[in-house]
> 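Would you mind keeping the following structure in view while I ask a few things?
From a predicted model like this one, the values you see are computed outputs, not experimental measurements. Just so you know, ligand 1 is whichever comes first in the structure, and atom 1 is the first atom listed for that ligand.
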Amino acid sequence: MILVTGATGVVGGEVARTLAAAGPVRVFCRDPARLPVLAPGCEVAVGSYQDHGSLLRALAGVDRAFLVTRDPGGDSDARFLRAAEAAGVRHVVKLSAYAAGEDDADDLITRWQRDCEDLVRSCGLEWTLLRPRAFMSNTLAWAGSIRSEGVVHALHPEAPSACVDPRDIAEVAVAALTSPGHAGRVHALTGPEAISAVGQTRELSRVLGRPLVCRALTAEQAAVRWSRRHPPHVVEALLRGAERQSRGGKATVDPSVTRLTGRAARSYARWAADHREAFGPVPTTAVLSGAARV
Ligand SMILES: NC(=O)c1ccc[n+]([C@@H]2O[C@H](COP(=O)([O-])OP(=O)(O)OC[C@H]3O[C@@H](n4cnc5c(N)ncnc54)[C@H](OP(=O)(O)O)[C@@H]3O)[C@@H](O)[C@H]2O)c1
C-alpha cells in the first residue's frame with residue numbers, strides 16, 4: 001500500500017489522482033472535503049501530523065509513502081518519520097525544495113528543508129528527495145487581479161525562474177514510488193526554461209486573448225501582501241528568496257524531468273493554456289495578436 005500525504009495540496013493531489021487511477025492507494029488528510037475527486041476505492045485516512053495515533057492508523061500496512069509538509073521551522077517531518085519507522089514503512093519520497101541544494105541559499109524555509117532532508121536521510125528508511133524549483137501554479141495567486149483589472153503585481157518582475165509544472169513533479173514522484181532505482185537519489189526538478197513574471201504575464205495574455213500589464217511591487221509592498229497569508233518569519237524568507245531570484249540565482253535549468261519521464265518538461269506556456277479557465281473567461285475566437293501590452 002502507498003500512502004500519499006498532502007493530498008489536498010498541489011503536488012500531493014496530483015500524485016493521489018494518478019496512483020488512485022492505477023491501483024490501491026491511501027491518502028492522509030485533515031479534511032476529506034478538500035480532497036480532489038479520486039477514483040472509487042481510494043482509502044482516506046483522516047488525521048494530522050500533530051496526532052501520532054492518526055499517523056499510526058494511516059500508516060498501518062503501508063510500505064511506501066509520499067511526504068509533503070508545509071510548516072517552516074516545525075516538526076511535521078520528524079513526527080511523520082517517527083511514525084513511519086514504527087509502522088515498518090520501507091521507502092519515503094519527500095517533497096523538498098531546489099534551494100536545499102544551493103550553497104548561496106540560507107533563508108529560513110531553505111534551512112528548514114535542509115534539516116528535514118537530514119532527518120529523512122538518517123531515519124533508517126529508504127528515501128528519495130524531490131527538489132523542485134517554484135511551482136508554476138503559484139501564479140494562480142494572480143487570478144484575482146487579472147480578472148478584476150488585467151494586472152499582475154510582482155516583485156522583481158524581470159527576474160527569471162526555471163519554475164516547474166506540478167504535474168511533472170507528481171509524475172516523478174509516482175515513478176519514485178512505483179519503480180526501482182530511486183532509493184538514495186536526489187532529483188532536482190525544473191521546467192524547460194527560465195521565465196520572468198513579465199514573460200509569464202505575456203503567456204497568460206496570449207492564452208486569455210486579452211491585454212495584461214505586469215507591474216512591479218516594491219519589497220515593502222510585496223511584504224504587506226504576503227503578510228496576509230504568512231507569518232513574519234516566512235515573509236522574511238520569501239523576500240530573501242525573491243532577492244536571490246533578482247540576482248539570477250534561480251535560472252538554472254535541470255534536465256532531470258526529461259531524464260526521468262522520457263519527455264520534455266512542460267513549459268509555462270503549456271501550463272497557462274491548461275489552466276486558463278482559472279484566470280477568467282476565454283474568448284471563443286482565440287488568439288490575441290499584437291494586443292498584449294507585456
Ligand atoms: N510552492 C512552491 O513554489 C514550492 C517550491 C518548492 C518546494 N515547495 C515545497 O512543497 C511543499 C508544499 O508546498 P505548498 O505550499 O505548495 O503546499 P500545498 O500544495 O498547499 O500542500 C500542503 C499540504 O500539506 C497538508 N498539511 C499541512 N499541514 C498539515 C498537517 N498538520 N497535517 C496533515 N497535513 C497537513 C495540507 O493540507 P490542508 O489542506 O489540510 O492544509 C496540504 O495538503 C512545501 O514543503 C514547500 O516548501 C513548494
> Which protein non-hydrogen atom lies closest to atom 40 (O) of ligand 1, naming both residue and atom, and how far is it?
Arg30 NE, 2.9 Å

> Does the plane of the ring in Tyr49 sit parallel, tilted or perpendicular to the ring in Phe28? Use 30° and 60° as the thresholds.
tilted

> My understanding is that only residues two or more places apart in sequence, or in another chain, count here; which of them pass salt bridge (Lys or Arg N to Asp or Glu O under 4.0 Å) with Arg244?
Glu102, Asp104

> Which atoms from ligand 1 have a heavy atom of Pro132 less than 4.0 Å away?
6 (C), 7 (C)

> Tell me whether Tyr98 has any N or O atom under 3.5 angstrom from an N or O of ligand 1.
no

> Distance to 0.1 Å, residue and atom name: give those for the protein heavy atom nearest to atom 47 (O) of ligand 1.
Gln113 NE2, 2.8 Å

> Can you pull out the closest protein heavy atom to atom 12 (C) of ligand 1? Residue, atom name and distance to 0.1 Å, please.
Val68 CG1, 3.8 Å

> Would you call Arg240-Glu243 a salt bridge at under 4.0 Å N-O?
no

> If you measure from the Lys or Arg side-chain nitrogens to the Asp or Glu carboxylate oxygens, is any gap between Glu117 and Arg114 under 4.0 Å?
no

> For atom 31 (N) of ligand 1, grab the closest protein heavy atom and report residue, atom and distance to one decimal in Å.
Gln50 OE1, 2.9 Å

> Tell me every residue that passes salt bridge (Lys or Arg N to Asp or Glu O under 4.0 Å) with Glu126, counting only those two or more places apart in sequence or in another chain.
Arg90

> Which of these, Arg270, Arg263, Arg133, sits in a salt bridge (charged side-chain N to carboxylate O under 4.0 Å, His left out) with Asp168?
Arg263

> I need the nearest protein heavy-atom contact for atom 39 (O) of ligand 1: residue, atom name and distance, please.
Thr8 OG1, 2.4 Å

> Determine, considering heavy atoms only, which of Arg79, Arg70, Glu14 sits nearest to atom 18 (P) of ligand 1.
Arg70

> Taking the basic N atoms (NZ, or NE/NH1/NH2) and the acidic carboxylate oxygens, is any pair closer than 4.0 Å for Glu171 and Arg167?
no

> What atoms of ligand 1 come within less than 4.0 Å of a heavy atom belonging to Arg133?
5 (C), 6 (C)

> Same cluster or not: Leu177 versus Val172, using hydrophobic residues (I, L, V, M, F, W, Y) connected whenever any side-chain heavy atoms lie under 4.5 Å apart?
yes

> Give a yes or no on whether Arg215 atom CZ has more than 12 heavy-atom contacts from other residues, nucleotides or ligands under 6.0 Å away.
no

> What atoms in ligand 1 come closer than 4.0 Å to a heavy atom of Arg34?
39 (O)

> Tell me: protein heavy atom nearest atom 5 (C) of ligand 1, and distance?
Phe135 CE2, 3.5 Å

> Of the non-hydrogen atoms in Cys123 and Val120, which two are nearest, and what is the gap between them?
SG-O, 3.2 Å

> Under 4.0 Å from a heavy atom of Thr69: give me the atoms of ligand 1 that qualify, with their elements.
11 (C), 44 (C), 45 (O)

> Checking side chain to side chain contact (heavy atoms under 4.5 Å, CB included) for the pair Val152/Ile146: CA distance, chi angles, key distance, verdict?
CA-CA 6 Å; Val152 165; Ile146 285 179; 3.7 Å; yes

> Could you say whether the N/O atoms of Gly9 and ligand 1 ever approach to under 3.5 Å?
yes

> For Val10, which part has a heavy atom under 4.0 Å from ligand 1: side chain, backbone, both, or neither?
both

> Looking at atom 32 (N) of ligand 1, what's its closest protein heavy atom, distance included?
Tyr49 N, 3.1 Å

> Please determine if Arg121 forms a cation-pi arrangement with Trp127, meaning its NZ or CZ atom is less than 6.0 Å from the six-membered ring centre and no more than 45° off the ring axis.
yes

> Which atoms from ligand 1 have a heavy atom of Leu95 less than 4.0 Å away?
10 (O), 11 (C)

> At what distance is the nearest protein heavy atom to atom 25 (C) of ligand 1, and which residue and atom is it?
Gly6 CA, 4.2 Å

> Which atoms of ligand 1 sit under 4.0 Å from any heavy atom of Ser96?
7 (C), 8 (N), 9 (C)

> Could you check whether any heavy atom of Ala134 sits closer than 4.0 Å to an atom of ligand 1, since that is the contact criterion I want to use?
yes

